Amino acid sequence: MKNPVVRFAPSPTGYLHIGGARTALFNWLFARQNNGKFLLRIEDTDIERSKDEYVDQIKNALDWLGLDWNDEIVYQSQNNLKHQSVIEQLIKSGNAYKCFLTKTELDSLRDKAEKNKKIFRVPRTYRDFTEEQQKELISQGKSFTVRLKVPDGVTIFDDLVYGQIKVNNKDLDDFIIARSDGSPTYNFVVAVDDIEMKISHVIRGDDHIANTPKQILVYNSLNKNVPIFAHLPMILGSDKKRLSKRHAATNVQEYKDKGFTSDSILNYLSLLGWNPDSNEEIFSTEDLIKLFDFKQVQKKSAVFDEKKLLWISGQKMKEMTSKEIIKEIQLINNEWGKEHKNKFLEEVVSLIKERSKNLNDITEISRVFLHKEIDFFNEHKPMMAEQNNIQMLEDFINAVKIEDKWDKKMIEKVFDQIMNQHEVGLGKVMKPLRIAISGLSYGPGIFDMMVLLGKDLTIHRITSAINFYK
RNA sequence: GGCCCGUUCGUCUAGUGGUUAGGACUCAUGGUUUUCAUCCAUGCAACAGGGGUUCGAUCCCCCUACGGGCUGCCA
């Protein structure tokens, strides 16, 4: 299994979704683990639905995830000449034939079979027509498709995940490899391209299991070695339905916007349908490359659970250094923290990363430190109106003003003073002050926040708060 | 309808012919913490159903149910 060549082959009819990302990830992990190549092929033969902007989106998403591909991107549409010539070749070798059945004919046959509860099979009417007969039909202006001559027998393959899968060839029709307009069909093109790209392992979603025998027949008819197949179970939404636009968030980009790092997403995705054979769950991408193994890939489809993603993301936040986190934040928002020194940003981040689940949590709380003015909220008004909370704020300012120093020790001392003065516990003093300096009812330790904020800004905030809540 | 695939706590999963069926997330409770979060502890919670095979089946076989895929001149 050395130097395998694998590919990820999305069709640019939509953005990169979670399921596609997982498929890409497993391909990539396998390639990187075995010193192989991970190729990217854009299956853009559906001209109606394919869009360039989707190609860009897919590339950007893979790029952001860090799933870097080798070599040039292959665009399926550019292989058209090759596809055409292989079709010719198959007709010549007698492995494929021109079929003059029309769509309407087939449709009515299908209907009839269904009505009579019979199994529909594509009739092999034109399978053994001579060249003469074909020419005659063509001269009559009849159009034709090209069908593969499916031989008798069984088609068997050993899937790396599902084990042996066996299909009786008679359950497969002589399927179309070229439409009446001459364009090649999916099951044919995939096989030809995979041959062309020297793909050794086809790793893809299990919705392709049923297509695999057809593709194998194409390999056989061309006398080419069949690659090794590995099918991956589907990823489902919380309603256990196949992931689709109807589900909350399926676009990789959305998770980026929500503040998840690519590392977290990859980590979570790896756990969907694979297990590391240990109780560990937090992995770096390097870990995953080492550990990944098809032996531990699940056959059962998996439900995407954002809660667990959030937990993994939170674990990662704690593990990451402040520097790394700053880098990640600025990767998605280069405005963030621009007007502050890195050292200050690091102090801010180190204060809040412990309690954050993702990057957005951090940027949200960091606002308290990065901007002079903050928002206060009406929802805190009833609480601030209680007892002599406003009085406490005023007393705090006055007590602090006459002090020279500004450090944790001194702030604690002032807190003690206020507690004594008002004959209340620490909690009673802390709450209004927290809201006054941050606008929030939660956050890092209040002494730390004040120290980092500095004396002037702390006083400024409390003054603003008094004005707002009075 | 035919063919193929699947089914262990709500979710992700481990597991073996004899286990108190294990872990993680979620949830609940308690503790730590100046708030929130973290962290720690405890708890709730699963072998789809029915037949076999067997001294014994979650595990092996068959059937049923349920879910999914394919069955296109879509990819």
Side-chain angles (χ1 to χ4, degrees), chain A residues 9-11 13 43-46 48-50 76 99 101-103 106-107 110 113-114 116-121 143-147 159 161-163 165-168 170-173 175-187 189-190 205-214 231 233-234 236 238 240-242 268 271-282 296 298-312 314-315 317-318 352-357 361 365 412 415 425-431 433-435 438 440-448:
Chain A
S11 59
T13 54
E43 309 214 323
D44 56 349
T45 44
D46 186 341
E48 302 277 302
R49 295 192 299 148
S50 294
Q76 191 160 64
C99 171
L101 290 163
T102 63
K103 190 158 178 13
L106 284 167
D107 285 346
R110 229 186 304 264
E114 202 159 316
N116 300 332
K117 307 226 160 164
K118 287 257 167 58
I119 301 160
F120 172 74
R121 282 279 122 82
S143 66
F144 61 88
T145 57
V146 179
R147 290 181 184 273
D159 192 282
V161 175
Y162 285 87
I165 292 176
K166 207 189 287 187
V167 176
N168 206 320
K170 72 174 198 289
D171 291 324
L172 269 19
D173 281 320
F175 59 94
I176 292 176
I177 59 173
R179 305 182 183 97
S180 48
D181 66 358
S183 64
T185 59
Y186 173 74
N187 283 120
V189 174
V190 165
D206 75 3
D207 46 339
H208 289 286
I209 288 183
N211 288 326
T212 306
K214 291 184 181 179
H231 287 94
M234 299 267 98
L236 275 27
S238 49
K240 298 206 173 204
K241 292 261 161 61
R242 197 176 166 163
Y268 176 64
L271 261 21
L272 237 40
W274 171 78
N275 80 78
D277 209 19
S278 76
N279 280 341
E280 300 290 307
E281 294 196 289
I282 304 301
Q296 274 121 234
Q298 205 76 11
K299 297 184 180 73
K300 183 181 89 164
S301 48
V303 173
F304 187 87
D305 178 15
E306 196 170 326
K307 288 235 172 79
K308 182 114 185 193
L309 203 209
L310 208 57
W311 175 77
I312 285 176
Q315 298 294 308
M317 287 298 128
K318 263 182 285 181
I352 53 190
K353 74 186 181 94
E354 293 275 320
R355 54 189 8 91
S356 301
K357 299 268 194 198
D361 286 356
I365 298 182
E412 282 180 44
F415 264 79
L426 180 58
K428 291 282 182 195
V429 182
M430 216 196 60
K431 273 187 187 170
L433 274 161
R434 170 179 295 286
I435 288 171
S438 70
L440 304 171
S441 59
Y442 56 88
I446 189 157
F447 304 135
D448 291 326

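Proteins come first, then strands; the chains are lettered A, B, ... in the order of their sequence lines, and each starts at number 1. Model, not experiment: these values are computed from the prediction.
Atom P of nucleotide B:G10 and atom NZ of A:Lys308 are separated by 15 Å, given to the nearest angstrom. Regarding A:Asp206, its CG atom lies at a distance of 12 Å from the P atom of B:C5, rounded to whole Å. Regarding A:Glu114, its CD atom lies at a distance of 14 Å from the P atom of B:U71, rounded to whole Å. Residue A:Asp277 contributes atom CG, which lies 6 Å from atom P of B:G15 at whole-angstrom precision. When the P atom of B:C73 is taken as reference, atom CG of A:Asn187 falls 11 Å away, rounded to whole Å. Rounded to whole Å, the distance from CG on A:Leu271 to P on B:A14 is 10 Å. The interatomic distance linking A:Met430 (CE) with B:A37 (C1') rounds to 13 Å, in whole Å.
Nucleotide B:G67 is matched to B:C5 when pairs are restricted to Watson-Crick or G-U wobble geometry with both distances under 3.5 angstrom. Across all strands shown, B:G18 forms a Watson-Crick or G-U wobble pair with B:C55, both key distances being under 3.5 Å. Remark: B:A28 base-pairs with B:U42; criterion is Watson-Crick or G-U wobble with both hydrogen-bond distances under 3.5 Å.
Residue A:Arg110 has a polar side-chain atom (N or O) positioned under 4.0 Å from OP1 or OP2 of B:G72. Contact between the side-chain N/O atoms of A:Arg434 and the OP1/OP2 oxygens of B:C36 is not found at any separation under 4.0 Å. Considering only side-chain N and O atoms, A:Lys118 lies nowhere under 4.0 angstrom from the phosphate OP1 or OP2 of B:G2. The side chain of A:Asn211 contributes no N or O atom lying less than 4.0 Å from OP1 or OP2 of B:C70. Distances shown here put a side-chain N or O of A:Lys318 below 4.0 Å from the OP1 or OP2 atom of B:C39. Between A:Gln76 and B:A75 there is no side-chain N or O to OP1 or OP2 distance below 4.0 Å. At the phosphate of B:A75, OP1 or OP2 sits under 4.0 Å from a side-chain N or O atom of A:Arg179. Within the 4.0 Å cut-off from OP1 or OP2 of B:U34, not a single side-chain nitrogen or oxygen of A:Lys428 is found. Between A:Lys357 and B:U38, a side-chain N or O to OP1/OP2 separation shorter than 4.0 Å is present.
Nearer the 5' end of RNA chain B, as judged by each residue's closest nucleotide, is the contact made by A:Lys307, out of A:Pro184 and A:Lys307. For the pair A:Pro10 and A:Asp448, both in contact range of RNA chain B, the more 5′-proximal nearest nucleotide belongs to A:Asp448.
Taking every side-chain heavy atom of A:Tyr442 into account, B:U35 is the closest of B:U35, B:U34, B:G2. Closest approach to the A:Ser180 side chain among B:G69, B:C73, B:C3 is made by B:C73 (side chain taken as heavy atoms from C-beta onward). Relative to the side chain of A:Tyr186, the nucleotides B:U34, B:A75, B:G69 differ in distance, and B:A75 lies closest. The nucleotide whose nearest atom lies closest to any side-chain atom of A:Trp311 is, among B:C25, B:C12, B:U34, B:C25. The nucleotide whose nearest atom lies closest to any side-chain atom of A:His208 is, among B:G15, B:G69, B:A75, B:A75. With B:U35, B:C25, B:C5 as the candidates, the nucleotide lying closest to the side chain of A:Tyr162 is B:C5. Considering only the side chain of A:Lys299, B:G6 comes nearest among B:G68, B:C74, B:G6. For A:Val167, the side-chain atoms get nearest to B:C4 when compared with the rest of B:C4, B:C12, B:A75. Considering only side-chain atoms of A:Ala210, the nucleotide from B:A24, B:C70, B:C4 that sits closest is B:C70.
No side-chain heavy atom of A:Gln296 sits less than 4.5 Å from a side-chain heavy atom of A:Val161. The shortest distance between side-chain heavy atoms of A:Ser11 and A:Asp46 does not fall below 4.5 Å.
Separation of the C1' atoms belonging to B:A48 and B:U58 is 12 Å when rounded to the nearest angstrom. Nucleotides B:G6 and B:U42, compared at atom C1', are 36 Å apart to the nearest Å. Nucleotides B:G17 and B:C59 place their C1' atoms 7 Å apart, quoted to the nearest Å. When the P atom is used for both B:A21 and B:U26, the distance is 25 Å, rounded to whole Å. Taking atom C1' on both nucleotides, B:G15 is separated from B:G49 by 22 Å, rounded to a whole Å. Separating the P atom of B:U38 from that of B:U20 is a span of 35 Å, rounded to the nearest Å. Straight-line distance between the P atoms of B:C36 and B:G18: roughly 48 Å, to the nearest whole Å. Atom name C1', nucleotides B:A24 and B:C9: the rounded distance is 12 Å, in whole Å.
Using a 4.0 Å heavy-atom cutoff across all strands shown, A:Thr45 reaches sugar-phosphate atoms only and no base atom. Among the heavy atoms of the strands lying under 4.0 Å from A:Ser11 are primed sugar atoms or P, OP1, OP2 only; no base atom is included. Contact annotation for A:Gly425: no contact, since no heavy-atom pair falls under 4.0 Å across all strands. Within 4.0 Å (heavy atoms only), A:Gln315 reaches sugar-phosphate atoms of the nucleic acid but no base atom. Base engagement by A:Leu101 is indicated by at least one non-hydrogen atom pair under 4.0 Å involving a base atom. As judged by a 4.0 angstrom heavy-atom cut-off over every strand, A:Pro233 is placed among residues making no nucleic acid contact. Base contact: A:Ile446 has a heavy atom under 4.0 Å from a base atom. Nucleic acid contact class of A:Gln298 (heavy atoms, under 4.0 Å, all strands): sugar-phosphate only. Using a 4.0 Å heavy-atom criterion, one finds that A:Gly427 contacts no nucleic acid atom at all. Residue-level contact check: A:Lys300 touches the backbone only, with heavy atoms under 4.0 Å from sugar-phosphate atoms and none from bases.
For the atom pair CD1 (A:Ile312) and NZ (A:Lys357), the distance works out to 11.5 Å, reported to the nearest 0.5 Å. In this structure, A:Ile435 CD1 and A:Ile446 CD1 are separated by 9.5 Å, a value rounded to the nearest 0.5 Å. One distance of note links CG of A:Asp159 with CG of A:Asp206; it measures 9.0 Å at 0.5 Å rounding. The distance from the CZ atom of A:Arg355 to the CD1 atom of A:Ile365 is 7.0 Å, given to the nearest 0.5 Å. Annotation: the span from A:Phe415 atom CZ to A:Leu433 atom CG amounts to 4.5 Å, rounded to 0.5 Å.
Side-chain N/O atoms of A:Thr185 and base N/O atoms of B:C73 include no donor-acceptor pair closer than 3.5 Å. For B:U35, its base sits under 3.5 Å from the side chain of A:Arg355 at one donor and acceptor pair at least.
Taking the salt bridge (charged side-chain N to carboxylate O under 4.0 Å, His left out) definition, one finds that A:Asp107 meets it with A:Lys103, A:Arg110, sequence neighbours left out.
A:Ser438 and A:Arg434 share no side-chain donor-acceptor pair at under 3.5 Å.
A donor-acceptor contact shorter than 3.5 Å is absent between the side chain of A:Tyr268 and the backbone of A:Lys308.
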